[in-house]
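One is the number of the first residue; the rest follow in order along the sequence.
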Amino acid sequence: MSQRPYSPLSFCCALFIPLLFIHHVYASTSSTSSPQVQTLNTKPDIINPKLPPRTLSSSKKFEGSSDLVQLRYHMGPVLSSAPINIYLIWYGRWANSQKLLIKDFINSISPSTVAAKPSVSDWWRTVSLYTDQTGANVSRSILIAGEYADSAYSHGTGLTRLTIQQVIASAVRSAPFPVDHKNGIYLILTSQDVTMQDFCRAVCGFHYFTFPSMVGYTLPYAWVGNSGKQCPEVCAYPFAVPGYMGGGGPGALKPPNGDVGVDGMISVIGHELAELSSNPLVNAWYAGEDPTAPTEIGDLCEGLYGTGGGGGYIGQVMRDRKGRTFNLNGRRGRKFLVQWIWSPELKACAGPNALD
């Protein structure tokens with residue numbers, strides 16, 4: 001039985017075109033007639049930037065209670081076995097610093113040393129609340145189990161939803177990766193010079209599972225692209241803004257690690273890993289009656305990063321002394337800006353940087 005190229009699901013990850021940008025910086029000042037002593041303020045500012053309405057495609061974001069959200073369990077598996085093994089496929093040319101940044105984020109989910117709060121590990125705790133029919137939770141243990149680099153662009157610089165499965169097949173057949181259909185996630189990351197079907201126009205990342213006819217096995221996978229040169233104003237927003245806005249438009253937020261494309265990828269990777277862990281075969285946790293177009297736990301919270309999000313605001317996030325914007329802390333002092341996830345307990349979007 002053949003599959004149409006568009007049958008894998010497209011999970012759009014916060015595609016915004018900004019029209020308005022407002023900073024709310026909360027600070028306290030005091031003045032007295034007595035001499036003042038200067039002190040070093042190490043606490044980050046709290047800001048709540050406003051984003052414009054979504055115009056590129058329809059948003060699945062939901063900002064209210066669960067009365068209108070019918071997120072249901074459809075009896076399929078979640079990734080509950082520990083650890084969840086992530087197999088990284090670096091497609092194209094990647095700088096070592098970019099690889100390290102992405103690996104630091106993934107390794108921050110279950111770090112060997114505790115990071116400052118709010119942490120990436122705390123953020124994943126919401127994902128781990130989802131269970132299967134036996135009551136087993138999504139695992140809190142994440143491990144990078146292997147890496148494969150395809151810097152020769154063996155399948156070209158223009159990929160489709162089907163050829164991305166051929167990239168996985170090449171990695172499996174060349175033997176760096178085992179066939180891990182129970183605990184494994186195959187994460188394909190394409191460099192900024194690689195185009196992808198629907199990239200920038202409709203998606204910044206997606207997940208599905210491989211077809212036995214293509215790979216030989218059914219394996220959960222996700223793809224995320226580096227939008228740094230192709231569409232940072234779409235897939236790395238709010239770290240980039242459209243050029244047409246010129247000097248009269250809003251300013252971009254400063255990325256926490258100085259790389260607009262990769263910092264933008266981090267939130268998309270988090271989105272896809274959360275959904276892939278809670279809905280690996282597209283028959284577990286999602287809203288809607290059509291499994292070919294489900295609304296998942298990341299889709300429900302697109303564009304929300306903190307308390308007070310909604311109505312165009314991304315929510316209250318932090319800004320350090322260098323002006324870098326973030327909402328989560330990771331290993332080795334890293335900082336990240338990652339969207340919130342729908343909580344099955346709160347019946348609302350949730351994150352560890354919540355102020356209420």
Notebook entry, point to check: Do any N or O atoms from the side chain of S343 and from the backbone of A350 form a donor-acceptor pair under 3.5 angstrom?
Noted result: no

Check: Hey, quick one: are F326 and W340 part of the same hydrophobic cluster, counting side-chain heavy atoms closer than 4.5 Å, chains of contacts allowed?
Finding: no

Item checked: Cysteines C200 and C235 with SG distance under 2.5 Å -> no

Margin query: Walk me through whether V317 and I47 qualify under side-chain contact (heavy atoms from CB on, under 4.5 Å).
Written below: CA-CA 6 Å; V317 295; I47 62 173; 3.8 Å; yes

Item checked: Between OG1 on residue T210 and CD on residue Q165, distance to nearest 0.5 Å -> 5.5 Å

Notebook entry, point to check: For L337 and S267, which heavy atoms make the closest approach, and how far apart are they?
Noted result: O-CB, 3.5 Å

Check: Linking I/L/V/M/F/W/Y whenever any side-chain heavy atoms sit under 4.5 Å apart, do V179 and V167 land together?
Finding: yes

Next item on the list: For R173, enumerate each residue passing the salt bridge (charged side-chain N to carboxylate O under 4.0 Å, His left out) test, keeping only those at least two apart in sequence or located in another chain.
Entry: none

Margin query: Holding to side-chain contact (heavy atoms from CB on, under 4.5 Å), I want the full list of residues that pass it with S151, two or more places apart in sequence or in another chain.
Written below: none

Check: Does NZ or CZ of R72 lie under 6.0 Å from the centre of the six-membered ring of Y286, at an angle within 45° of the ring axis?
Finding: no

Check: Closest heavy-atom contact between Y153 and S191?
Finding: OH-OG, 3.9 Å

Notebook entry, point to check: Would the number of heavy atoms belonging to other residues, nucleotides or ligands and lying under 6.0 Å from CG of D290 be above 12?
Noted result: yes

Note to self: Against S139, only a single residue in V127, V78, I84 fulfils side-chain contact (heavy atoms from CB on, under 4.5 Å); can you say which?
What the structure shows: I84

Check: Under a 4.5 Å cut-off applied to non-hydrogen side-chain atoms, are R334 and N257 in contact?
Finding: yes

Margin query: Could you check whether any side-chain heavy atom of L71 comes within less than 4.5 Å of a side-chain heavy atom of Y130, counting everything from C-beta outward?
Written below: yes

Check: Within the side chain of T163, is there an N or O that forms a donor-acceptor pair under 3.5 Å with the backbone of L159?
Finding: no

Check: Between the main-chain N or O of M75 and the side-chain N or O of Q133, is there a donor-acceptor pair closer than 3.5 Å?
Finding: yes

Next item on the list: Measure across C349 and W342 and return the closest heavy-atom pair with its distance rounded to 0.1 Å.
Entry: N-CE3, 3.7 Å

Check: With no hydrogens and no angle check, is any side-chain donor or acceptor of E275 less than 3.5 Å from a backbone partner on G298?
Finding: yes

Next item on the list: Could you note down all residue pairs passing ring-ring contact (aromatic ring centres under 6.0 Å, His included) where residues 156-193 supplies at least one of them, sequence neighbours left out?
Entry: Y87-F177, Y87-Y186

Checklist line | Partner residues of Y73 under the ring pair (Phe, Tyr, Trp, His ring centres under 6.0 Å) criterion, sequence neighbours left out | finding: W285

Notebook entry, point to check: When rounded to the nearest 0.5 angstrom, what distance separates CZ in F206 from CD in E272?
Noted result: 8.5 Å

Next item on the list: Return yes if some donor-acceptor pair links the side-chain N/O of D320 with the main-chain N/O of R324 below 3.5 Å, else return no.
Entry: yes

Next item on the list: Could you tell me whether E147 and K103 have a side-chain N and a carboxylate O separated by less than 4.0 Å?
Entry: yes

Margin query: Using only atom types and a distance under 3.5 Å, with no angle test, would you say the side chain of Q230 pairs donor to acceptor with the backbone of S227?
Written below: no

Note to self: Is there a side-chain contact between T190 and V224 in this structure, where contact means two heavy atoms from C-beta onward sitting under 4.5 Å apart?
What the structure shows: no

Note to self: I want to check something: taking the side chain as every heavy atom from C-beta on, are I185 and L219 in contact at a cut-off of under 4.5 Å?
What the structure shows: no

Checklist line | Donor on one side chain, acceptor on other, H271 and E302, under 3.5 Å | finding: no

Checklist line | Non-hydrogen atoms of P291 and E289 that approach each other most closely | finding: CD-O, 3.3 Å

Check: A145 and N85: which non-hydrogen atoms are nearest, and at how many Å?
Finding: CB-CB, 3.7 Å

Checklist line | Nearest heavy-atom neighbours spanning S278 and V138 | finding: CA-CG2, 4.3 Å

Margin query: What verdict does the side-chain contact (heavy atoms from CB on, under 4.5 Å) test give for R332 and D104, after you've listed the backbone C-alpha separation in whole Å, the side-chain angles of each residue and the deciding distance to 0.1 Å?
Written below: CA-CA 8 Å; R332 303 192 317 117; D104 276 345; 2.6 Å; yes

Next item on the list: Please tell me if the side chains of H207 and E296 come closer than 4.5 Å, counting only heavy atoms from C-beta onward.
Entry: yes

Checklist line | Approximate separation, where rounding is to 0.5 Å, of L187 CG and L273 CG | finding: 6.0 Å

Notebook entry, point to check: Would D150 and S154 count as a side-chain hydrogen bond (donor to acceptor under 3.5 Å, both in side chains) if you check the C-alpha gap in whole Å, the side-chain angles of each, and the deciding distance to 0.1 Å?
Noted result: CA-CA 7 Å; D150 189 343; S154 62; 2.4 Å; yes

Checklist line | Ion pair check, D198 and R161, cut-off under 4.0 Å | finding: yes

Next item on the list: Apply the test side-chain hydrogen bond (donor to acceptor under 3.5 Å, both in side chains) to residues W124 and S110: give CA-CA distance (whole Å), side-chain angles for both, the deciding distance (0.1 Å), then the verdict.
Entry: CA-CA 9 Å; W124 188 261; S110 49; over 6 Å; no

Notebook entry, point to check: What's the spacing between T126 OG1 and I297 CD1 if we round to 0.5 Å?
Noted result: 8.5 Å

Note to self: With clusters defined by side-chain heavy atoms of hydrophobic residues (ILVMFWY) lying less than 4.5 Å apart, directly or transitively, does I164 cluster with L162?
What the structure shows: yes

Next item on the list: Identify, with sequence neighbours excluded, every residue that meets side-chain contact (heavy atoms from CB on, under 4.5 Å) alongside T218.
Entry: F209, P212, L281

Notebook entry, point to check: Are any of the side-chain nitrogens in D193 or K229 under 4.0 Å away from the carboxylate oxygens of its partner?
Noted result: no

Notebook entry, point to check: Is the backbone of A284 close enough, under 3.5 Å, to the side chain of H74 for a donor and an acceptor to pair up by distance?
Noted result: yes

Check: Would a hydrophobic clustering, with Ile, Leu, Val, Met, Phe, Trp and Tyr connected at side-chain separations under 4.5 Å, put L100 with V268?
Finding: no

Margin query: To the closest 0.5 Å, what do you measure between CG (N353) and CG (L328)?
Written below: 6.0 Å

Next item on the list: Nearest 0.5 Å please: distance from the CG atom of D263 over to the NZ atom of K335.
Entry: 12.0 Å

Check: With L189, which of I102, I89, V194, V262 fulfils side-chain contact (heavy atoms from CB on, under 4.5 Å)?
Finding: I102

Next item on the list: Evaluate the side-chain contact (heavy atoms from CB on, under 4.5 Å) criterion for residues Y148 and V172: first the C-alpha distance (whole Å), next the side-chain angles of each, then the deciding distance (0.1 Å), finally the verdict.
Entry: CA-CA 9 Å; Y148 174 71; V172 171; over 6 Å; no

Item checked: Qualifying residues under side-chain hydrogen bond (donor to acceptor under 3.5 Å, both in side chains), relative to D122, sequence neighbours excluded -> K117, S119, R125

Checklist line | Cluster check L276, L129: I/L/V/M/F/W/Y, side chain < 4.5 angstrom | finding: no

Notebook entry, point to check: Side-chain contact, heavy-atom cut-off 4.5 Å: V120 with F105?
Noted result: yes

Note to self: Tell me whether N329 contacts the main-chain N or O of G333 through its side chain, where contact means a donor paired with an acceptor under 3.5 Å.
What the structure shows: no

Next item on the list: Go through the steps for T160 and M196 under the test side-chain contact (heavy atoms from CB on, under 4.5 Å), then give the verdict.
Entry: CA-CA 6 Å; T160 68; M196 176 68 184; 5.7 Å; no

Checklist line | Side chain to side chain, M318 and D45, heavy atoms closer than 4.5 Å | finding: no

Notebook entry, point to check: Stepwise, does the ring-ring contact (aromatic ring centres under 6.0 Å, His included) test hold for W223 with F199?
Noted result: CA-CA 10 Å; W223 163 82; F199 187 29; 5.2 Å; yes

